[in-house]
Peer 1: 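Sending over a structure as structure tokens; questions will come in a sec.
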Amino acid sequence: MTADLTSATSELLRHVRETVEANERWRAQTLNLIASENVLSPAARSVLDSDFQHRYAEGHPGGRYYEGTQYLDEIERLSREVMQRIFRVTWADVRPISGTVANEAVFSRLVPQGATAIAHTVATGGHISHARIGSLGKRTKNILEWPMSADGYSIDVDAARDLIHKEQPAIAVLGRSLFLFPEPVAELAAVCAETGTRLFYDGAHVLGLIAAGTFQDPLHEGADILCGSTHKTFFGPQRGMVLTTGQDEKLNNTLDKGVFPGSSSNHHLFSLPALLVSALEVESFGQDYARATIANAQALGAALAAKGFAVACPERGYSESHQVAVDVEPFGGGKKASARLCEQDIICNMNLLPGEPGKRAFDPKGIRLGVQEMTRFGMGPDEMEAMADLMHGALSGDRDVRSEVAALRARFPEVRYAYSVSDLQ
Ligand code: DSN
């Protein structure tokens with residue numbers, strides 16, 4: 001039966017569909033370099049839309065507050081098991097619905113009101129949930145800044161040890177959103193153990209690299225807790241996770257309550273099967289993918305530098321992650337440059353660079369580039385070089401590069417490092 005719609009409603013309905021389709025078409029002809037995104041494989045997408053969309057499942061498999069959850073219980077149990085295997089631990093909570101919600105579960109239980117914390121500022125790459133105006137800031141405004149190396153991209157370990165010793169913070173927050181190099185986890189773990197400081201690692205950006213063992217292994221280097229989102233270098237659906245080694249049962253129980261009822265009730269069940277399929281893909285293909293991603297970031301950094309761009313950390317090989325940071329002040333700053341690139345179908349974001357005041361967030365010097373999505377479509381170092389040339393063309397003159405961008409992108413239509421839909425038959 002067709003509803004008797006007013007013409008305005010029917011026009012609006014058509015507009016909804018057309019807008020979704022227009023985005024799909026446009027995305028397929030762009031180069032996406034947003035460092036916090038990625039794409040699902042068709043296999044993972046094939047289980048994304050199901051009856052789980054309609055259901056509730058608070059609690060744990062086998063211990064729910066609702067009946068009818070036996071099939072979801074199976075998926076959740078398996079998801080937990082696979083994550084524990086991938087991260088070589090015995091405790092994982094896959095229920096947080098995002099990285100920030102996972103962080104909230106931790107901060108809300110482990111940071112007493114008004115306690116001392118240490119974290120990165122947004123300018124040195126810290127996530128907004130680590131800031132005074134974010135999740136951590138709801139617990140305490142007493143957030144000290146990590147002392148940094150001269151280039152601003154690494155923690156000054158000796159100064160950080162002294163700071164922890166002197167201030168004895170309740171929590172020390174590592175991990176960032178602008179994240180080029182590993183954190184000194186092992187170097188800080190001993191002093192944190194002495195001062196009773198919880199060493200927390202926000203691995204949202206680099207979770208897929210951690211899973212692959214190609215970046216660092218925070219929990220086995222001494223961090224107490226690892227949180228992350230599951231849709232960046234870990235190429236699953238948009239969700240979050242909390243992990244520990246599993247050895248500290250009291251900590252596990254505290255975090256469990258932080259997740260539920262602390263920061264979520266129902267947990268967007270529809271996306272859990274897609275997370276499970278993606279996690280199995282990470283297990284099968286994650287190492288090759290992570291190596292290719294890091295090599296691509298280094299290749300893009302070098303190619304941009306060869307074109308005259310001020311890429312961060314040339315003497316350190318530009319990056320050991322999926323990201324590259326570029327000072328684009330000569331092109332009018334991050335806001336203007338990222339807008340111009342987007343007009344030309346190259347999508348990235350403006351970003352504060354170390355040393356900039358937080359109030360410049362809407363007009364910073366830099367842009368942040370992430371190669372993880374284009375790597376998933378199979379691009380390699382040659383394409384990074386082509387991309388650098390297109391960016392140079394778009395920013396340094398009037399060259400309209402849209403058709404060249406579309407031609408490059410069209411050569412890589414399929415998601416790689418993935419199962420096919422028929423593998424689920
Ligand atoms: N802050 C977002 C980013 O890094 O893009 C993720 O939450």
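Note that ligands are numbered from 1 as they come in the structure, with each ligand's atoms numbered from 1 the same way.
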Peer 1: With atoms numbered from 1 as shown, which atoms in ligand 1 lie under 4.0 angstrom from a non-hydrogen atom of S36?
Peer 2: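 Near S36, the atoms of ligand 1 are 3 (C), 4 (O), 5 (O).
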Peer 1: Which protein heavy atom lies closest to atom 4 (O) of ligand 1, and at what distance to 0.1 Å?
Peer 2: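 Minimum-distance protein heavy atom for atom 4 (O) of ligand 1 reads H205 NE2, 2.7 Å.
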Peer 1: Measuring centre to centre across the rings, with the benzene-like ring taken for any Trp, is Y65 within less than 6.0 Å of Y56?
Peer 2: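 Between Y56 and Y65, which both carry aromatic rings, the centre distance is not below 6.0 Å.
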Peer 1: Kindly say whether the aromatic ring centers of Y153 and F179 come within a distance under 6.0 Å.
Peer 2: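 Ring centres of F179 and Y153 not closer than 6.0 Å.
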Peer 1: Give the residue, atom name and distance (to 0.1 Å) of the protein heavy atom nearest atom 7 (O) of ligand 1.
Peer 2: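 Closest protein heavy atom to atom 7 (O) of ligand 1: H127 NE2, 2.9 Å.
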Peer 1: Heavy atoms only: which of Q323, K232, R368 is nearest to atom 3 (C) of ligand 1?
Peer 2: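 The nearest heavy atom belongs to R368.
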Peer 1: List ligand 1 atoms under 4.0 Å from S177, heavy atoms only on the residue side.
Peer 2: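 With S177 as reference, the close atoms of ligand 1 come out as 1 (N), 4 (O).
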Peer 1: Considering all heavy atoms of both residues, which atom of L424 and which atom of V277 are nearest to each other, and what is their separation?
Peer 2: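 In terms of heavy atoms, the two residues are closest at CD2-CG2, 4.2 Å.
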Peer 1: Within this structure, what is the SG-CE distance for the pair C227 and M241, rounded to the nearest 0.5 Å?
Peer 2: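 Rounded to the nearest 0.5 Å, the SG-CE separation comes to 9.5 Å.
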Peer 1: Would Y289 and Y417 count as a close aromatic pair, with their ring centres under 6.0 Å?
Peer 2: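 Between Y417 and Y289, which both carry aromatic rings, the centre distance is below 6.0 Å.
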